[in-house]
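Computed from heavy atoms alone, side chains included, the values below leave out hydrogens, waters and symmetry copies. All residue numbers in this chain count up from 1 along the given sequence. Counting starts at 1 for both ligands and their atoms, following the listed order.
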Amino acid sequence: MSRRTLEPGEALFKEGDPPTSAFLIERGKVRISAERDGENLILADLSNGDLVGEMAVIDDSPRTASAVALEPCVLLEIDRAHLTERIGHSDPIVRALLEGQLKRYRAALAAMQGQGVGSEHPVSTGSGDLTAIVKIRLEANLREALARRELDLRLQPILDIAAGRIAGYEALVRWDHPERGPVSPAEFIKLAEETSLIVPIGEYMLDAAIAALCALREAGVSPLPYISINVSPRQLREAGLIERLLRRASDAQIPVESIRVEITEGMMLDYAQVDDVMRRCRDAGIHVLLDDFGTGFSNLSHLHQLDFDTVKIDQSFPRTMMTNARAMALMDAIVKLVHAIEAQALVEGIETQEQLDVLRRLGVRYAQGYLIGKPAPIADIIAAARVG
Ligand code: C2E
Ligand code: CA
Ligand code: CA
């Protein structure tokens, strides 16, 4: 992709030109117009974030309108091959929707031009941005994956440092994509949160975690470790979340202490809501953990307003503390802070023995990271527990 700049009055393309590329406006304003019976019909004024000229590219036909800069413009050029490749790979339903939209747009344009109306009132071209199209596609795939049970539970061990044993596991979702292999949640959780798909995904993960606890119990692993599940803010808004969790645990005869809940620090917005969920968890005996501590904006107010059992210190701290004295001082201070509010400290992202030695020296209770173990399927965990 390359960038184009335009001066005011300069044409980007003219009616009848071949459809070489589409453009994303990064800065400035572009007027789309068409010539009919000597009259200049303004179709739309497009600006930042709008796509220009994608219609002709999508259906491979000559330009049916002209595009002229109204102000100095910077545009990102998306070549035809790139766009058609994306569309070619897109979900068939999404593609059909796009083609339907396009047909309707062309019919409306023809009717308007026939009547010679609209010259004073720009109409929308209906051009959503490309990222929206890509997102719609990914969401459709994710929805299918959920239905086909291609989502998978991985468990990452958490070490009780002083006791020298695995206290529990964090539940992490994986998407076993038929072509791409395992896809990290970093790629799809944010999208799932935007679209509410996180709610059924969360239910699925809860079921998987409870099934894993049952499997550990049947394998004779004792005492039963805990499994900590990630709960997104969107899930917190669902009524009955904790009640459902309790019911499923009770149906499977799993003690509630074996299920923990992680709430991400960086995304916490609604104190009242989090406070309410935490209170209900506490009443029921479920531990709640503050995740990714140190990455958000107002984390100190979270600490005193909400009563967390455990604070999980973000992996960026252990990553820098071995080479940077200030990072080390900060880690020391954060651990003291966590202890001062009578919570347990857990540090994630521990990859080396040296990092673990530091945690031991600082009196940190729990460690999690590749040194202790990578996220693994339940079968591997049970096999390891049998050997150990
Ligand atoms: P998180 O909760 O902070 O999870 C820790 C992430 O760090 C995991 O990435 C884990 O695989 C990775 N990690 C653990 N130890 C190490 C290490 O020693 N070094 C390095 N470099 N990385 C390490 P993952 O599995 O890709 O998950 C990414 C994020 O996706 C999670 O961050 C969590 O926010 C979200 N997520 C994962 N599963 C779920 C889920 O079931 N529900 C919800 N709502 N969110 C989930
Ligand atoms: Ca987590
Ligand atoms: Ca984390």
Does [atom] have any protein heavy atom closer than 4.0 Å?
| atom | result |
| --- | --- |
| atom 34 (O) of ligand 1 | no |
| atom 25 (O) of ligand 1 | yes |
| atom 9 (O) of ligand 1 | no |

Mark the output for [X] as yes if a heavy-atom distance to ligand 1 is under 4.0 Å, and as no if none is.
| X | value |
| --- | --- |
| Lys312 | no |
| Gln235 | yes |
| Pro375 | yes |
| Arg174 | yes |

Look at atom CZ of Arg27 and say whether more than 12 heavy atoms of other residues, nucleotides or ligands are closer to it than 6.0 Å. no
Audit row: Lys14, Asp17, salt bridge (Lys or Arg N to Asp or Glu O under 4.0 Å) steps and yes/no: CA-CA 6 Å; Lys14 291 210 161 64; Asp17 281 355; over 6 Å; no
Element-labelled atoms of ligand 1 that are located less than 4.0 Å from some non-hydrogen atom of [X]:
| X | value |
| --- | --- |
| Met205 | 41 (O) |
| Gln315 | 5 (C), 6 (C), 7 (O), 12 (C), 13 (N), 20 (C), 21 (N), 22 (N), 23 (C) |
| Gly369 | 15 (N), 18 (O) |
| Glu170 | 2 (O), 4 (O) |
| Glu348 | 3 (O), 5 (C) |
| Asp292 | 3 (O) |
| Ile198 | 44 (N) |
| Glu351 | 17 (C), 18 (O), 19 (N), 20 (C), 21 (N) |

Identity and separation of the nearest protein heavy atom to atom 18 (O) of ligand 1: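 Going by distance alone, atom 18 (O) of ligand 1 is nearest to Tyr370 N, 2.8 Å.
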Return the closest protein heavy atom for atom 42 (N) of ligand 1 as residue, atom name and distance. Asn230 O, 3.4 Å
Nearest heavy-atom pair of Val199 and Gln235: which atoms, and what distance? CA-CG, 4.5 Å
Side-chain H-bond candidate by donor/acceptor type, Ser196 with Arg234, under 3.5 Å: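 Short answer, yes.
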Side-chain donor-acceptor pair present, Asn230, Glu170, cut-off under 3.5 Å: yes
Reported [atom1]-to-[atom2] distance for the pair [X] and [Y], which is rounded to 0.5 angstrom:
| X | Y | atom1 | atom2 | answer |
| --- | --- | --- | --- | --- |
| Tyr169 | Leu213 | OH | CG | 10.5 Å |
| Glu257 | Ile286 | CD | CD1 | 9.5 Å |
| Glu348 | Arg319 | CD | CZ | 9.0 Å |
| Ser21 | Leu12 | OG | CG | 8.5 Å |
| Glu342 | Asp309 | CD | CG | 12.0 Å |
| Arg165 | Ile158 | CZ | CD1 | 12.0 Å |

Could you give me a count of protein N/O/S atoms that are under 3.0 Å from the Ca ion (ligand 3)? 4
Using the salt bridge (Lys or Arg N to Asp or Glu O under 4.0 Å) rule, take Asp283 and Arg279 through it: C-alpha gap first, then chi angles, then the decisive distance, then the call. CA-CA 6 Å; Asp283 289 348; Arg279 206 185 309 269; over 6 Å; no
Same cluster for Ile263 and Tyr226 if Ile/Leu/Val/Met/Phe/Trp/Tyr side chains link at under 4.5 Å? no
Same cluster (ILVMFWY, side-chain, under 4.5 Å), Leu70 and Ile32: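 Different clusters: Leu70 never reaches Ile32 through Ile, Leu, Val, Met, Phe, Trp or Tyr contacts under 4.5 Å.
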Location of contacts on Leu172 toward ligand 1, heavy atoms closer than 4.0 Å: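 Both backbone and side chain.
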Parallel, tilted or perpendicular: rings of Phe13 and Phe23 (30°, 60°):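 Correct class here is parallel.
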May I ask you to check whether [X] has an N/O atom sitting below 3.5 Å from an N/O atom of ligand 1?
| X | value |
| --- | --- |
| Thr264 | no |
| Ser184 | yes |
| Asp291 | yes |

Taking the Ca ion (ligand 2) as the vertex, what is the angle from OD1 of Asn230 to OE2 of Glu170, given to 10 degrees?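 That angle works out to 90° after rounding to 10°.
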Among pairs that include at least one residue of residues 182-202, which meet ring-ring contact (aromatic ring centres under 6.0 Å, His included), considering only residues two or more places apart or in two chains?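 Matches after skipping sequence neighbours: Trp175-Phe188.
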